[in-house]
Amino acid sequence: MQRYPLYIGGAFRDPAGGEWFETENPYTLEPWAQIARGTAADVEAAVAAAQQAFESGWGRSKPAYRAGLLRALADRLEQAAADLAQVETRDNGKLIAETGGQTRYLPAWFRYYAGLAENLEGRVIPIDKPDVTVYTRPEPLGVIGAITPWNSPLMLATWKLAPALAAGNTVVLKPSEFTSASSIELARIFDQVGFPPGVFNVVTGFGGEVGVPLVAHPQVAKVAFTGGEAGGRGVYKAAAERLIPATLELGGKSPNIVFADADIDQAVKGVIAGIFAATGQTCLAGSRVLVEDSIHDAFVERLVAFAGRARLGDPADLATQVGPVTTRPQYDKILSYIDIARAEGARCVLGGGPAPHPAGGKGLFVQPTIFADVRNDMRIAREEVFGPVMSILRFKDQADAVRIANDSDYGLAAGVWTQNLRRALDMSDALAAGTVWVNTYRAVSYLAPFGGYKASGIGRENGAEALSAYTQTKTVWLSTAAEQPDPFVMR
Ligand code: NAD
């Protein structure tokens, strides 16, 4: 069986503890590779390598040099995109149509941040005092601990890596224990491009054995975490203890709101895309569907008909529309939420249980499931399921829609379906969410900041904002005065 080692200080190496664990293909439930089980000793070595790389030159390197390497990386990624997508699909069960789209898009991140690195400028401050020149320098932070979940490993790693490296930081990446393979494949590409050893490191393993010591390490200057709320809280507490910044990209319970004046054909597709794409295993899932009273019954009927035709199958097959659930714990969690929804009195109008494996195999499938008559105080409307389970709620008018949509602990994203421009603008203003999509859903770009309000996270990834989140400002005061003023008075 194939083995994926650690990548530390520019070398592929076995884990210090000598242990390996298996990773499964979610479609077959067959183990297909062995992953190095990293421990605190490996974290120590990786952070030391990253710190050494930072201090010995990368942290002070010319932006043009870093940009050149990032562009070379983008070129190699472009060639490797199809192979990377295969690995991703084999390891996390996401549709090849989607992993292929994601890996083909990754080079854009590295090229964009390469350009931003070359434009990372300080300012000369028009200071209000004589004989001094004051200017600022955006400086990197040091070693970044990057921690990613299993649903889009390479894309979410890239959202951290590209701006962090562009700004002159070095990185230790800890991918999810369920989907580590693609991050090591990425390390191979870094290796071929010729980044200085230690600039990028990958330590695979479990949250408690690698993630916890990484965040606690005294030389880690910032943590960039994407994952669930429990892990996010743990990371944030540990970062607070060490007084270091943390970017958190967490979960959601995003409303997808359909007004009677929407283009209904398009709204049906947008609502389906919001929850059944990626088998609902996406942070930005539109899992709460709010439908205006006057079209409610007809719209539910359309959704049921559309989702009922979804083709379950092998995620490596381009024709498949809904793939397997990625992990056993996630499968159990989805089914338990279906039970909870029934017990709460929600009306199941589609699916509602496990689905047989489309080819008679062992992989874990859940039927695309729709609950109607959901109230916003039910757990199925408040908690993240992270699976193909849609909750439908009714609303009376625009104010009612805003009230229900914003009555949530989360605020990652929201969708609005309307042909009324005034309403589109008013809803975009009123919704408490980091992203509002109007007449579209589930669109992301390297150019557009992404992140959560409320319990959905802290900080933003993508866009120019993400670069400044990986820098700190130094202010330099340079005096040309011939005489020092009174030493006992503040200048
Ligand atoms: P998870 O929180 O269980 O794990 C995420 C990563 O953190 C893994 O690598 C894990 O090993 C590590 N980890 C867990 N606890 C840790 C700790 N205390 N200290 C350090 N590291 C720790 O999340 P998951 O189940 O892999 O992913 C699903 C979750 O991710 C969902 O809640 C989803 O909404 C969220 N997510 C958010 C976004 C976003 O951009 N907002 C994107 C994708 C997924």
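Note that ligands are numbered from 1 as they come in the structure, with each ligand's atoms numbered from 1 the same way.
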Quiz item: Is it true that atom CZ of Phe21 has more than 12 heavy atoms of other residues, nucleotides or ligands lying nearer than 6.0 Å?
Solution: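 Yes, CZ of Phe21 has more than 12 neighbouring heavy atoms, counting only those of other groups under 6.0 Å.
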Quiz item: More than 12 heavy atoms of other residues, nucleotides or ligands under 6.0 Å from CZ of Arg233: is that the case?
Solution: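 No - once you tally the heavy atoms of other residues, nucleotides and ligands closer than 6.0 Å, there are 12 at most.
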Side chain, backbone, both or neither: [X] near ligand 1, heavy atoms under 4.0 Å:
X	result
Asn151	side chain
Val210	neither
Glu177	side chain
Glu461	neither
Pro175	backbone
Ile147	side chain

Exercise. Among Thr179, Leu156, Asp91, find the residue that satisfies the side chain to side chain contact (heavy atoms under 4.5 Å, CB included) test when tested with Trp150.
Key: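 Option passing the side chain to side chain contact (heavy atoms under 4.5 Å, CB included) with Trp150: Thr179.
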Practice problem: Counting heavy atoms only, name the option from Phe178, Phe225, Phe206 that's nearest to atom 7 (O) of ligand 1. | Solution: Phe225
Self-check item: Nearest-option assignment for atom 22 (C) of ligand 1, heavy atoms, candidates Gly452, Gly207, Ala230
Solution: Gly207
Nearest-contact summary for [atom] - protein heavy atom, Å:
atom	result
atom 41 (N) of ligand 1	Leu250 O, 2.6 Å
atom 31 (C) of ligand 1	Glu384 OE1, 3.5 Å
atom 24 (P) of ligand 1	Trp150 NE1, 3.5 Å
atom 42 (C) of ligand 1	Cys283 SG, 2.9 Å
atom 8 (C) of ligand 1	Thr148 O, 3.4 Å
atom 15 (N) of ligand 1	Gly231 CA, 3.7 Å
atom 3 (O) of ligand 1	Gly228 N, 4.7 Å
atom 18 (N) of ligand 1	Val212 CG2, 3.9 Å

Sub-3.5 Å donor-acceptor pair from the side chain of [X] to the main-chain atoms of [Y], do we have one?
X	Y	value
Arg442	Leu284	no
Thr247	Ala224	no
Asn92	Thr326	no
Glu185	Leu84	no

Quiz item: Stepwise, does the side-chain contact (heavy atoms from CB on, under 4.5 Å) test hold for Val171 with Asn201?
Solution: CA-CA 6 Å; Val171 176; Asn201 309 271; over 6 Å; no
Proximal ligand 1 atoms for [X], defined as those under 4.0 Å from one of its heavy atoms:
X	answer
Thr226	5 (C), 36 (N), 37 (C), 38 (C), 39 (C), 40 (O), 42 (C), 43 (C), 44 (C)
Gly251	34 (O)
Leu156	42 (C), 43 (C)
Val235	19 (N), 20 (C)
Phe450	40 (O)

Practice problem: Indicate whether any N or O donor in one side chain lies under 3.5 Å from an N or O acceptor in the other, for Thr320 and Asp314. | Solution: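 On atom types as modelled, these side chains do not qualify, holding no pair under 3.5 Å.
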Exercise. State yes or no: are the ring centers of Trp159 and Phe450 separated by less than 6.0 Å?
Key: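 Judged by ring-centre distance (under 6.0 Å), Trp159 and Phe450 do meet the cut-off.
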Exercise. Starting at CH2 of Trp109, measure out to CG of Leu70 and round the result to the nearest 0.5 Å.
Key: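 Trp109 CH2 to Leu70 CG: 14.5 Å, rounded to 0.5 Å.
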Self-check item: Test of proximity, Phe386 against ligand 1: N or O pairs below 3.5 Å
Solution: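 Such a contact does not occur with ligand 1.
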Quiz item: Does Gly457 come within less than 4.0 angstrom of ligand 1, counting non-hydrogen atoms of the residue?
Solution: no
Quiz item: Is the NZ or CZ atom of Arg90 positioned over Trp32's six-membered ring, under 6.0 angstrom from the centre and within 45° of the axis?
Solution: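 Relative to the ring axis of Trp32, which defines the angle, Arg90 lies inside both limits.
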Quiz item: Is it the case that Lys222 places NZ or CZ above or below the six-membered ring of Tyr470, under 6.0 angstrom from the centre and within 45 degrees of the axis?
Solution: yes
Quiz item: Of the options Arg3, Gln2, Glu19, which is the one that meets Gln34 in a side-chain hydrogen bond (donor to acceptor under 3.5 Å, both in side chains)?
Solution: Arg3
